[in-house]
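Heads up, the thing below is written out as structure tokens.
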Amino acid sequence: MNNFEQIKKKALDKWDSLIHSDIPVIYLGAASCGKAAGANKVLEIIIETLDEHKLKAKIIQVGCIGPCYLEPLMDIVVPGQPRISYANVDEIKTKRIIESYLLKNDPLLKFAVGHFGGEDKQLTNGLPKFFDLPMLKPQVRIVLRNCGYIDPEDIDHYIANDGYEGIKKALEIGPENVINEVKESGIRGRGGAGFPTYKKWEICRNAPGDEKYLICNADEGDPGAFMNRSLIEGDPHAILEGMLISAFALGATHGYIYIRAEYPLAISRLKKAISQMNDYGFLGDNIMNSGFNFHITIKEGAGAFVCGEETALIASIEGKRGMPRSRPPFPAIAGLHGKPTIINNTETLGTMPNIIRNGANWYKQYGTQESHGTKTFSLVGKVRRTGLIEVPMGMSLRQIIFDIGGGTQKPFKAVQTGGPSGGCLSEEFLDIPVDYQSLASAGSIMGSGGLIIMDEDTCVVDVARYFLDFAQKESCGKCTPCRVGTRHMVEILESITKGEASPNVLTKLQTLGETVKRGSLCGLGQTAPNPVLTTLRYFRSEYLAHIKEQHCPATVCRDLLEYRILPDKCTGCQRCVNVCPTGAITGPRSETHNLDASKCIKCRACYEICRFDAIAGDAIVIRSKRSDS
Amino acid sequence: MNHDYSGIFSNYAGLEGDLIPILQQVQLKFGYISTQSTKEISKFLKISENQIYGVASFYSQFRFTKPGRHSIKICMGTACHVKGGQILSEAIERELDVIAGESTKDGRFDFHRVACLGCCALAPVVQINDDIYSQMTVIKLQEILGKYE
Amino acid sequence: MNPQNNKLNITIDNKLYAVKKGSTILNAAQENNIYIPTLCAHKDLTPYGGCRMCIVEVEGARNFLTACTTPVEEGMIIRTHTDQIQKERKEILELVLSEHTSSCLICDEKEACRNSMTTIRKAGVTTGCRYCPNDDKCELEEVVSWLKIDEINHPVFYRGIQVEKNDPFYDRDYNLCIYCGRCVRMCQEVRMANVLAFTQRGRFTVIGPAFGRTHVEAGCEFCGACVEVCPTGSLAEKYNKWDGVAEGEILSTCGLCGVGCQIRIQVKSGKVIGVLPAEDKLVNNGQLCVKGRFSVNELVNHYQRLKKPQKTVGKAILDINWDEAIEIAADKLKDCPPDEFAMIVSPNCTNEDLYIAQKFVRSVMSSNNIDTTARLYYDSGLNDYLNLMKKSSALSDMKNSSAILCLGIDLRYGRSVVGVEIRKALTREAKLITINPNEHSLSLNADYWLKPNPGEVTDYLKTLLKLLNNESQGIKDENLNAISQILKNSENPILIVGSEFLNYPESPEIFQQINQIADKIGAGILSLPAQNNLYGSLLMGAYPELVAGGTANKNPSSTENNTWNTYKISSGKRLKVAYIVGETEPTSKKIADFVIYQNIYPVEQKELVDLSLPAAAFTETDGTFINGEGRIQFVNKAIEPPGVSLPDWKIICKIAQKMGAKDFDFSNVAEIQKEISQNSPRFKNLDKLKRKPQPLPEGITLQANQKQDPRDKKTTASYNLYKKEHVYRGIPLTDKVEGLKKLIAEE
């Protein structure tokens with residue numbers, strides 16, 4: 001272990017010289033979402049500005065710290081001052097902030113959102129601490145502790161922040177004690193089903209055979225979920241250390257990371273991290289001189305949601321079609337190449353170093369009696385503050401949506417937990433605690449952690465149809481209930497959104513949903529009807545409005561809407577006439593235009609141009625057909 | 001053997017589990033999986049072309065037609081759906097006279113609907129080549145398409 | 001081992017059973033005659049769990065479990081048809097039916113239609129509305145009626161997929177497909193041909209080859225295994241598409257090549273409507289090739305079959321009755337001197353036919369002039385080929401073999417069952433080496449595929465021999481070194497010899513070298529001749545050099561160079577009477593003053609024969625064959641021969657008796673077998689010994705023709721036809737079987 005002490009010392013020195021840097025340090029949130037929001041351009045401007053004024057500063061690209069709505073995020077540390085965070089920086093702001101702060105020592109606090117220092121600093125007067133921001137304050141960051149804080153591409157940063165202490169301890173206490181610690185901690189699989197992690201490990205450890213595999217499931221296929229991506233992009237070593245701990249406990253010698261090919265940045269960060277581990281002797285043969293051998297291969301998923309299912313994922317790694325197979329036998333007994341295999345979710349593995357390092361009792365202080373620890377969620381949809389969050393188990397949906405997420409612009413309608421496999425819950429459930437049991441009893445699931453917030457502008461029938469259509473398209477086709485049943489359900493939902501359904505379809509939809517749920521082979525089919533079954537339960541009136549009144553209360557379902565020109569508002573500017581692809585809008589300049597509903601394909605072009613470019617601004621409206629009569 | 005392929009194959013042991021990574025490399029190199037590709041892979045892995053095609057066509061990543069000069073991906077994730085992704089998708093199909101999953105007749109664009117691009121906060125999102133366009137509208141789309149020849 | 005250790009106690013539907021450890025719930029139930037409906041499970045295939053019909057309730061399990069995939073556990077309590085399960089099954093099956101054009105299953109008029117062929121719809125009286133080729137053999141139909149479904153509560157999705165009719169032998173209508181995956185698993189797991197695959201996914205799943213290719217293009221062997229396991233009418237054999245269910249099946253031996261596959265001949269209304277493989281652990285393991293599976297019915301049911309005796313009068317052909325025909329034949333033969341008579345007999349005939357034929361030539365005609373066309377087929381390599389048969393091993397030996405060397409053989413169409421066994425061996429880590437200048441069905445599977453140009457084969461084999469003898473010698477192909485190592489270190493190696501090299505002028509040397517290699521490494525040889533009963537023709541003595549029992553003919557004339565044989569048909573002495581049994585006319589000129597022609601099809605050029613006698617095909621007669629391994633196999637009569645046709649032996653006996661010969665009064669083949677056993681003891685107690693293959697006895701040698709200068713047209717043999725491999729009784733299968741024309745190009 002001498003070697004590790006040396007490595008650690010070097011890392012601490014490096015980290016220290018960064019914290020106490022004698023030149024300014026600029027941190028830029030450069031995860032995929034930050035890049036999509038323009039972080040690359042900001043980076044160029046930073047470099048240009050520094051060059052222009054011959055300023056010296058360290059630039060560090062960090063992962064996502066969570067609040068996506070603030071992206072791109074740039075933090076600046078000037079020696080002797082706390083780290084100050086600037087949100088939504090663009091090209092102009094960036095240049096101004098750098099010039100002002102580094103040249104004139106004026107931090108331009110009007111652009112700042114928070115700081116990372118103590119309270120007493122004069123400079124930051126009035127500026128809240130970053131982690132005191134309403135979105136961050138209620139959070140408990142365990143697995144995300146390093147995200148946005150350290151340079152994910154530098155293993156020394158990770159080591160300096162207690163990295164690889166977990167595996168070090170695991171090697172000292174031995175596999176049985178590791179499993180015991182995990183058992184004590186009560187952590188359950190963070191991928192969705194919530195199976196106690198230690199149980200799986202124990203089965204696999206006790207399964208006969210020397211060749212065992214560990215797979216990290218980073219095939220995050222839920223639309224609207226990006227926890228795994230952010231975690232890997234922000235702190236890849238946490239997952240890799242978690243894999244080491246898990247593999248050591250199981251007696252696995254080879255590990256795979258199955259990750260979506262759509263996550264190129266995460267993949268490249270993992271590759272970099274693996275090569276750094278190899279350099280330090282944290283991977284390969286005789287890890288940390290302990291005699292423990294472990295190798296990791298990255299497998300890129302090729303675009304199939306069903307491969308998030310364990311047996312399908314295994315088939316995919318084996319080079320086959322990702323079709324699930326029946327269990328038993330469970331992968332822990334006969335998995336990859338017929339050998340005992342454990343598949344753990346990225347978040348589960350990322351949590352492991354913390355549990356082992358700090359002990360089960362420490363971990364148990366978070367969460368509820370039954371569900372320990374924390375869970376990450378991606379908070380998206382019609383919520384004010386979108387982003388990635390980590391909260392203790394048992395926090396209520398209301399706290400998450402309103403305290404952390406800042407609530408909705410328009411009145412709240414529903415929240416979908418667990419992505420396409422989960423359920424859609426109405427306002428009355430806002431006070432239930434978010435844990436495995438409570439969500440299940442409401443007909444939903446915890447899932448991997450997607451939270452999609454809907455307000456009154458969202459049509460739940462349309463959302464249910466969307467999720468079912470997604471499940472239907474992602475169905476592998478192997479078993480009948482999933483392949484055919486979801487298709488019938490989509491057809492029925494489509495007829496409802498078109499206002500063509502008869503009232504008895506709801507019973508049929510219910511029966512079909514239950515058949516698919518009970519009869520399907522794998523988790524995809526077994527959970528696919530959840531969005532429909534829950535919305536039928538909690539939003540029945542909205543279905544009935546579509547069916548009986550041909551009315552979509554949220555004005556979303558296109559067949560139930562119409563576009564209208566308000567004669568008293570139209571100035572006859574002809575902008576809409578020019579963009580209409582079908583010639584539905586006619587009329588000479590300066591006279592009220594006419595919209596021929598029979599030609600209108602509801603492409604939205606006129607609506608947009610009127611709102612953004614035209615003189616009137618609101619002469620074209622989209623409204624429910626029913627309001628006619 | 002074609003040199004292009006032997007370069008790719010040299011990184012693999014030739015096991016069945018190498019099939020998907022090899023297909024990914026081949027697509028990266030050639031833009032799509034051609035009949036020539038399946039033939040070469042078949043010889044290397046000793047797996048029939050039929051099996052290879054069966055595996056490749058299961059995954060939405062793989063394409064079997066020559067891609068266009070520019071690649072349009074439209075996000076069909078939840079956030080984008082709620083914010084009008086479907087309307088954008090139809091606008092693209094109408095503007096370019098193309099069906100999702102195929103290329104335009106002039107080979108200028110290929111068009112794909114993809115699962116979440118992971119930029120939910122910026123929905124709806126359209127990706128053309130490596131450029132991501134966020135908070136898209138039908139009108140913006142028409143302007144942007146003109147930039148690509 | 002105590003058998004109790006292998007048993008588990010479980011409860012099914014409140015009854016206790018002791019079942020085998022490791023079996024699935026479905027197996028356990030079936031063994032105890034408890035019905036659980038299934039659509040995707042099949043005894044030869046790995047469990048799939050797709051159709052969900054076999055769900056059962058297991059106490060303690062969260063959900064219903066599929067019986068086909070769940071292994072039994074001690075103390076399991078299983079319920080197979082509670083109300084809830086039945087309801088669930090019904091709902092799922094309704095979903096299946098909503099993807100399947102199923103009016104034939106749930107039509108109100110179903111029973112009336114079946115019983116009285118009447119229907120309120122405008123459908124043909126003879127067909128009713130039952131438009132599915134799988135009518136009455138549909139497994140879906142069985143489950144539908146078991147679950148008593150008479151209504152579907154869902155709209156039906158018709159897929160609108162074009163019916164695939166461009167491949168020979170079977171049509172594919174994937175609108176009827178229920179995605180049970182049996183055909184795919186059959187093709188991948190059992191045949192390992194990997195032609196069928198699931199492509200695309202979800203509801204867009206399609207079954208078929210890559211890029212929508214036809215089966216011919218995709219390398220399909222047309223073994224028909226997929227058709228047999230299809231539970232619906234998606235895959236339907238073209239020829240018997242509307243023939244419905246067979247009335248019975250007869251176990252027999254296929255007569256179309258030397259593998260000797262065991263078959264189940266499907267019979268309906270006195271016709272062969274199809275052939276299915278028999279479960280036979282030793283030869284074909286429940287598999288067939290395209291010839292056995294798909295060409296027999298077309299071959300024997302053909303409208304062109306010769307059904308009555310005919311005589312040629314001037315330019316006219318007249319139908320006559322047997323009495324007249326026998327009288328004419330006997331009359332002509334009676335006056336024929338022994339050396340002006342000759343008989344050509346087919347190596348496709350049964351042993352009993354062949355024995356009677358040679359007995360007739362020798363005892364009635366006092367001649368030695370009997371020969372088969374095999375002499376022409378093997379040509380100068382004949383005797384060396386027979387030497388390979390003397391080392392023949394059993395097909396089942398491949399199970400223990402760690403190295404297989406295939407020489408000049410393509411197993412795609414003919415003998416494809418051997419290809420299956422080879423691929424099976426490969427999954428057991430056996431090594432495969434093929435030597436073949438052309439692309440063949442094993443080129444992808446082979447560890448080494450050597451492609452010598454014609455003329456180079458002997459060099460390759462010579463080098464290989466030297467390497468095996470540890471002599472280092474200029475290596476022609478660097479792979480040979482590795483190959484020699486594999487062969488040297490192999491256990492129970494097997495050499496499989498095909499017909500590719502027969503056409504090479506150096507074929508004798510090639511066969512000799514193969515023989516030496518086999519000696520060197522102690523390998524068995526599978527020669528599997530094209531002629532299904534070549535072995536039998538030798539053992540029965542249907543050659544001038546051999547007598548019954550396969551021993552050398554002591555008659556001095558038989559060894560002289562001027563002995564008659566099939567080479568001399570056109571070049572030797574003019575014959576007075578020629579008797580052709582089971583072959584076609586040899587040349588375009590008449591070969592004797594009087595030609596008796598006995599076969600299942602009429603002669604093509606009528607003027608070349610004087611008397612035509614209608615014979616029975618192998619589906620229409622009893623007897624035995626001996627396959628290439630040297631295994632005696634039974635041929636059982638499935639149907640009556642067409643018209644007044646008779647088995648060869650019966651016709652010959654009739655003529656012999658008419659000529660006053662004694663000892664030809666056999667009334668069945670058992671009597672002939674008894675006589676055969678006097679010379680060939682293996683024919684005693686045929687039942688016990690029939691399964692044991694024996695290599696060709698050492699004593700059997702024939703004089704091969706000298707190597708010929710191909711430019712010397714004069715000495716080239718007649719019957720050029722016989723270089724064709726896929727021939728039955730002189731008739732190329734491609735002439736009579738429509739589908740084979742598309743597959744096999746034989747000049």
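To find a chain, count down the sequence lines: A is the first, B the second, and so on, and within it residues start at 1. Both backbone and side-chain heavy atoms feed into the values below; hydrogens, waters and symmetry mates do not.
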Legend entry - Residues in residues 51-64 of chain B near chain C [non-hydrogen atoms, under 4.5 Å]: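 Residues B:Gln51, B:Tyr53, B:Gly54, B:Ser57, B:Phe58, B:Tyr59, B:Ser60, B:Phe64 are the ones that qualify, each having a heavy atom under 4.5 Å from chain C.
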
Legend entry - Spacing of OG belonging to B:Ser42 relative to CG belonging to C:Leu444, to within rounding of 0.5 Å: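 Separation between the atoms: 4.0 Å.
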
Which residues in [range] have a heavy atom less than 4.5 Å from any heavy atom of chain B?
range                       : result
residues 194-216 of chain C : C:Asn194, C:Val195, C:Ala197, C:Phe198, C:Thr199, C:Gln200, C:Arg201, C:Pro209, C:Ala210, C:Phe211, C:Arg213
residues 402-433 of chain C : none
residues 159-168 of chain C : none

Legend entry - Atom CG of B:Asp130: over 12 foreign heavy atoms under 6.0 Å: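 Incorrect, the count does not exceed 12.
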
Legend entry - Heavy atoms of other groups near B:Lys46 NZ, more than 12 under 6.0 Å: yes

Legend entry - B:Thr35, part contacting chain C, at a heavy-atom distance under 4.5 Å: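 Both the backbone and the side chain of B:Thr35 come within 4.5 Å of chain C.
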
